[in-house]
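Heavy atoms only: backbone and side chains are in, while hydrogens, waters and symmetry mates are out. Indexing begins at 1, ligand by ligand and atom by atom, following the structure's order.
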Amino acid sequence: MKNAAEFETKEDDVFGRIASRYDLLCDLFSFGIHRIWKRRVSFLISKEPWVKLIDVASGTGDVVFRILNGNDLSPDHQVLASDISPKMLDIAKEKLLPFQDYVDFQILDAHSMPTIESYSVDVYSMSLGLKICNREKVMSEAFRVLKPGGRLVTLEASNIPVRWLHWLYLSYMSFCMPIIGWLATNGDSSAYKYLLHGVKGFPSAEELKNEMESIGFDEVYFERLSLGIVSIHIARKPA
Ligand SMILES: C[S@@+](CC[C@H](N)C(=O)[O-])C[C@H]1O[C@@H](n2cnc3c(N)ncnc32)[C@H](O)[C@@H]1O
């Protein structure tokens, strides 16, 4: 369960460098389709009976915004938005200003979150972050902080089950991602080198399900979005 992107933020703060352009770049790369993925994962999270939610690798806070926006919130609802990059989290703070009564922010490395108590959260979510982390460490940490019966929800790159289509998609990504990344970042396309590497090296939806089960999660199920370009996994920490 290695880090599919072979990425280490402590060695290269790529997300800090592209933070101000990150949302725009997501739209460019996915033709806006990432909005559909994030809407779906937020909807599934909203359906869970959570009071305490931790969103890890929150980036600019897109998913947290969608979870909170338009949903009935009670004063008990508490969200912790976290990321290893202070610059990404600064943008999340601005975006989530209307929900300041419900959200706290913390700089956290997903691999080890000593400030978060064990058995303390109802839902742990991570969107588009797992491919740039060591999955075993991150999912073990998610398992630790979740309450029994709590859910892990991930949105991540996946595999299109039709092999030639998957190959076509990867070819498109290999060709376009470095060019758009280079143009949009004035020549600093390193983030997209990592992300592309992570997409290529990431396990299939079925393999990720098996990895979650090997950590100890049960009731793991997944759904593919956009033919399987990404998938959402939901797993339960046994009660
Ligand atoms: C591709 S972005 C995804 C952001 C956001 N979740 C979204 O869906 O738009 C990946 C994020 O993971 C963060 N990140 C990278 N390594 C991390 C780590 N070890 N712990 C926590 N966050 C990390 C980056 O700073 C970046 O904000």
Engineer: Looking only at distances, can you tell me whether any N or O atom of Asp83, backbone or side chain, sits closer than 3.5 Å to an N or O atom of ligand 1?
Structural biologist: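 N/O-N/O distance below 3.5 Å exists for this pair.
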
Engineer: Compare Asn134, Ile91, Val63, Ile132 and give the one whose heavy atom is closest to atom 10 (C) of ligand 1.
Structural biologist: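 It is Ile132 that holds the nearest heavy atom.
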
Engineer: List ligand 1 atoms under 4.0 Å from His111, heavy atoms only on the residue side.
Structural biologist: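 Checking each atom against His111, I get 19 (N).
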
Engineer: What closest approach, in Å, do Asn159 and Ala205 show between heavy atoms, and which atom pair accounts for it?
Structural biologist: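 The answer is OD1-N, 3.1 Å.
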
Engineer: With a cut-off of 4.0 Å, which atoms of ligand 1 are near a heavy atom of Ala110?
Structural biologist: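 Listed by number with element: 18 (C), 19 (N), 20 (N), 21 (C).
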
Engineer: I'd like to check which ligand 1 atoms, numbered from 1 as shown, lie under 4.0 Å from a non-hydrogen atom of Lys38.
Structural biologist: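 Once the distances to Lys38 are compared, the set is 7 (C), 8 (O), 9 (O).
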
Engineer: Give the numbers and elements of all ligand 1 atoms closer than 4.0 Å to a heavy atom of Ser85.
Structural biologist: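 Near Ser85, the atoms of ligand 1 are 25 (O).
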
Engineer: Is Lys209 close enough and on-axis enough to Phe222, meaning under 6.0 Å and within 45°, for cation-pi?
Structural biologist: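 Pair Lys209/Phe222 does not count as cation-pi.
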
Engineer: Looking only at atom types and distance, does a side-chain atom of Lys95 sit under 3.5 Å from a main-chain N or O of Thr60, one as donor and one as acceptor?
Structural biologist: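 It does hold such a pair.
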
Engineer: Pairs of nitrogen or oxygen atoms closer than 3.5 Å, one from Asp109 and one from ligand 1: do any exist?
Structural biologist: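 Right, the criterion is met.
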
Engineer: What part of His34, side chain from CB on, backbone N/CA/C/O, both or neither, has a heavy atom under 4.0 Å from ligand 1?
Structural biologist: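 No part of His34 comes within reach of ligand 1.
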
Engineer: Against heavy atoms of Phe15, which atoms of ligand 1 measure under 4.0 Å?
Structural biologist: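 That gives atoms 1 (C), 2 (S), 24 (C), 25 (O), 26 (C) of ligand 1.
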
Engineer: Strictly under 4.0 Å, does any heavy atom of Met126 approach an atom of ligand 1?
Structural biologist: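 Heavy atoms of Met126 never come under 4.0 Å of ligand 1.
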
Engineer: Select one of side chain, backbone, both or neither to describe which atoms of Ser58 lie under 4.0 Å from any atom of ligand 1, heavy atoms only.
Structural biologist: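 Within the 4.0 Å criterion, Ser58 contacts ligand 1 through backbone atoms alone.
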
Engineer: Using modelled atom types and a 3.5 Å cut-off, is there a donor and acceptor pairing between side-chain atoms of Glu156 and backbone atoms of Gly129?
Structural biologist: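 At least one qualifying donor-acceptor pair exists.
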
Engineer: Can you tell me if Leu108 has a non-hydrogen atom under 4.0 Å from ligand 1?
Structural biologist: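 In this structure, Leu108 qualifies as a contact of ligand 1 - some heavy atom is under 4.0 Å.
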
Engineer: I'd like a table of donor-acceptor pairs (distance under 3.5 Å, sequence neighbours excluded) in which one partner is a side-chain atom from residues 99-106, with atom names and distances.
Structural biologist:
from: Gln106; atom 1: OE1; to: Thr115; atom 2: OG1; distance (Å): 2.7

Engineer: For the 3.5 Å polar cut-off, considering only N or O atoms, please tell me whether Cys133 and ligand 1 meet it.
Structural biologist: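 No; every N/O pair is 3.5 Å or more apart.
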
Engineer: A cation-pi test, strictly: NZ or CZ of Arg236 under 6.0 Å from the centre of the six-membered ring of Tyr221 and no more than 45 degrees from its axis. Yes or no?
Structural biologist: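 Here Arg236 fails the 6.0 Å and 45° test against Tyr221.
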
Engineer: Can I get a per-line list of side-chain donor-acceptor pairs under 3.5 Å for residues 171-180, giving both atom names and the distance, sequence neighbours left out?
Structural biologist:
from: Ser171; atom 1: OG; to: Trp167; atom 2: O; distance (Å): 2.8
from: Ser174; atom 1: OG; to: Leu170; atom 2: O; distance (Å): 2.7
from: Ser174; atom 1: OG; to: Lys200; atom 2: NZ; distance (Å): 3.1

Engineer: Has the side chain of Asp83 got a donor or acceptor atom that lies under 3.5 Å from a matching backbone atom of Met88?
Structural biologist: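 The answer is no, because no donor-acceptor pair under 3.5 Å joins these two groups.
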
Engineer: In this structure, does ligand 1 have an atom that sits under 4.0 Å from one of the heavy atoms of Val56?
Structural biologist: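 Judged by the 4.0 Å heavy-atom criterion, Val56 does not count as contacting ligand 1.
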
Engineer: Please test Ile84 against Leu108 for side-chain contact (heavy atoms from CB on, under 4.5 Å), starting from the C-alpha separation and ending with a verdict.
Structural biologist: CA-CA 5 Å; Ile84 202 164; Leu108 286 177; over 6 Å; no

